[in-house]
Asker: 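Below is a structure I'd like to ask you about.
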There are 2 protein chains.
Amino acid sequence: MDASLLTITPGAAEPIYRQIVEQLRRMIAGGQLPPGELLPSVREVAGFHAINPMTVSRAYSLLEGEGLLERLRGTGMAVAQRARRARSEAERMSLLEPRLHDLARAARELELPAGRVLRRLGELLEDGE
Amino acid sequence: MDASLLTITPGAAEPIYRQIVEQLRRMIAGGQLPPGELLPSVREVAGFHAINPMTVSRAYSLLEGEGLLERLRGTGMAVAQRARRARSEAERMSLLEPRLHDLARAARELELPAGRVLRRLGELLEDGE
DNA sequence: CCACGTGTATTGTTGTATTGATACACATGG
DNA sequence: CCATGTGTATCAATACAACAATACACGTGG
């Protein structure tokens with residue numbers, strides 16, 4: 001995997017390390033990062049995005065704690081073999097649930113018709129592919 | 001409006017004052033809080049939710065700065081009259097856009113089929129009403 | 001008139017989160 | 001064998017959020 005595949009926004013409200021964590025978590029769960037895949041080194045990511053190596057390391061460590069990454073000493077970090085599990089559609093869906101709830105609540109408070117929200121989301125989901 | 005209508009989660013990642021700000025902003029844009037509506041006093045909200053009065057005051061001040069609330073001296077805060085504008089469906093929709101983009105991106109990284117996401121969101125939107 | 005209820009300014013303290021700078025231990029691989 | 005590249009432990013700096021305790025300015029309403 002290449003460092004350029006990560007999207008990092010230093011100025012955002014969401015902390016950098018968490019941007020990395022959640023992005024990688026989803027890409028692993030989704031299968032874009034298969035088990036065994038080697039991740040870019042902390043210094044590589046840090047250099048490319050002009051951030052601190054420790055910030056990247058922190059993200060990697062958290063994912064290692066979750067069992068999603070493996071430390072290959074002297075080589076780097078790789079997607080763990082046992083990370084292949086937890087890949088049923090239902091399980092991936094559960095990672096999206098909190099965001100869905102927040103969205104539904106916001107839409108309700110805005111008194112927006114369900115149809116309109118669904119239609120717009122449909123468009124955005126198409127655009128990506 | 002009653003203090004119990006606000007949903008506040010002290011332990012959440014999102015700071016309390018911003019939870020209040022965004023919630024009120026949406027309820028005003030959505031029309032649940034019509035112009036002239038009197039808000040609960042800072043001490044009332046603070047007491048009910050066991051938080052600091054200054055935290056509530058901070059949220060109110062920010063909304064006053066946006067022109068959404070009006071200070072009625074000696075009485076409290078009320079939804080501003082001129083807040084009625086900016087209420088077209090398109091405008092309310094725009095408040096939801098960032099969240100929609102995030103969701104679409106997450107769904108893509110999770111490799112979830114659009115249909116499934118849309119169906120689930122549909123359910124959640126129904127439940128609310 | 002004046003007690004009471006508004007919001008707010010002020011000051012200080014506490015806890016936490018985030019990021020950064022530096023130095024270190026370790027395995028690889030020519 | 002040792003230069004090079006891994007990740008990371010440690011400490012510090014900074015910023016932010018929230019709380020606490022006052023005191024204040026102001027209008028309402030009995």
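To find a chain, count down the sequence lines: A is the first, B the second, and so on, and within it residues start at 1. Keep in mind that what you see is a predicted model, and the values were worked out from it rather than measured.
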Asker: For A:Leu103, check side chain to side chain contact (heavy atoms under 4.5 Å, CB included) against everything at least two apart and list the hits.
Answerer: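 By the side chain to side chain contact (heavy atoms under 4.5 Å, CB included) rule, A:Leu103 matches B:Leu96, B:Arg99, B:Leu100, B:Leu103, B:Leu121.
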Asker: Under a criterion of less than 4.0 angstrom to any heavy atom of chain B, what are the 5'-terminal and 3'-terminal contacting nucleotides of DNA chain D?
Answerer: D:dA17 to D:dT28
Asker: Using atom names, set out every protein N or O paired with an N or O of nucleotides 16-23 of chain C below 3.5 Å, distance rounded to 0.1 Å.
Answerer:
residue: C:dT18; atom: OP1; partner: A:Arg18; partner atom: NH2; Å: 2.7
residue: C:dT18; atom: OP2; partner: A:Tyr17; partner atom: OH; Å: 2.5
residue: C:dT19; atom: OP1; partner: A:Ile16; partner atom: N; Å: 2.9
residue: C:dG20; atom: OP2; partner: A:Asn52; partner atom: N; Å: 3.0

Asker: Could you state the OH-P distance from B:Tyr60 to C:dT6, rounded to the nearest angstrom?
Answerer: 11 Å
Asker: Donor-acceptor pairs are to be reported for all side-chain atoms of residues 42-49 of chain A against protein atoms at under 3.5 Å, with residues two or more places apart or in another chain.
Answerer:
residue: A:His49; atom: ND1; partner: A:Val45; partner atom: O; Å: 3.4
residue: A:His49; atom: NE2; partner: A:Leu6; partner atom: O; Å: 3.0

Asker: Can you tabulate the close N/O pairs, meaning under 3.5 Å, that link protein atoms to atoms of nucleotides 28-30 of chain C?
Answerer:
none

Asker: Looking at residues at least two apart in the chain, or sitting in another chain, which of them share a side chain to side chain contact (heavy atoms under 4.5 Å, CB included) with B:Ala90?
Answerer: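 With neighbours one apart ignored, the set is A:Arg116, B:Ser88.
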Asker: Has the side chain of A:Arg108 got a donor or acceptor atom that lies under 3.5 Å from a matching backbone atom of B:Leu125?
Answerer: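 Between the backbone of B:Leu125 and the side chain of A:Arg108 there is no qualifying donor-acceptor contact (under 3.5 Å).
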Asker: Give me each pair satisfying side chain to side chain donor-acceptor pair (under 3.5 Å) with a member in residues 8-33 of chain B, each pair once, sequence neighbours excluded.
Answerer: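 Checked against side chain to side chain donor-acceptor pair (under 3.5 Å) - neighbours excluded - the pairs reaching residues 8-33 of chain B are A:Arg105-B:Gln23, A:Glu109-B:Arg26, B:Arg25-B:Glu66.
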Asker: How many angstroms lie between CD1 in B:Ile8 and CD1 in B:Ile51, if you round to the nearest 0.5 Å?
Answerer: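 Nearest 0.5 Å value for the CD1-CD1 distance: 4.0 Å.
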Asker: Name every donor-acceptor pair, under 3.5 Å, that has one atom in a side chain of residues 52-60 of chain A and the other anywhere in the protein, sequence neighbours excluded.
Answerer:
residue: A:Asn52; atom: OD1; partner: A:Met54; partner atom: N; Å: 2.8
residue: A:Tyr60; atom: OH; partner: A:Pro40; partner atom: O; Å: 2.7

Asker: Residues in salt bridge (charged side-chain N to carboxylate O under 4.0 Å, His left out) with B:Arg120, at least two apart?
Answerer: A:Glu97, B:Glu123
Asker: Taking only residues two or more places apart in sequence or in another chain, which ones pass salt bridge (charged side-chain N to carboxylate O under 4.0 Å, His left out) with B:Glu64?
Answerer: none
Asker: Are any non-hydrogen side-chain atoms of A:Leu110 and B:Leu95 less than 4.5 angstrom apart?
Answerer: yes
Asker: Can you pull out the residues from residues 62-70 of chain A that lie within a 4.0 Å heavy-atom distance of DNA chain C?
Answerer: none
Asker: Apply side chain to side chain contact (heavy atoms under 4.5 Å, CB included) to A:Glu37 and list each qualifying residue two or more places apart in sequence or on a separate chain.
Answerer: A:Met1, A:Leu33, A:Pro34, A:Val79
Asker: State the CG-CG distance between A:Leu24 and A:Leu5, to the nearest 0.5 angstrom.
Answerer: 10.0 Å
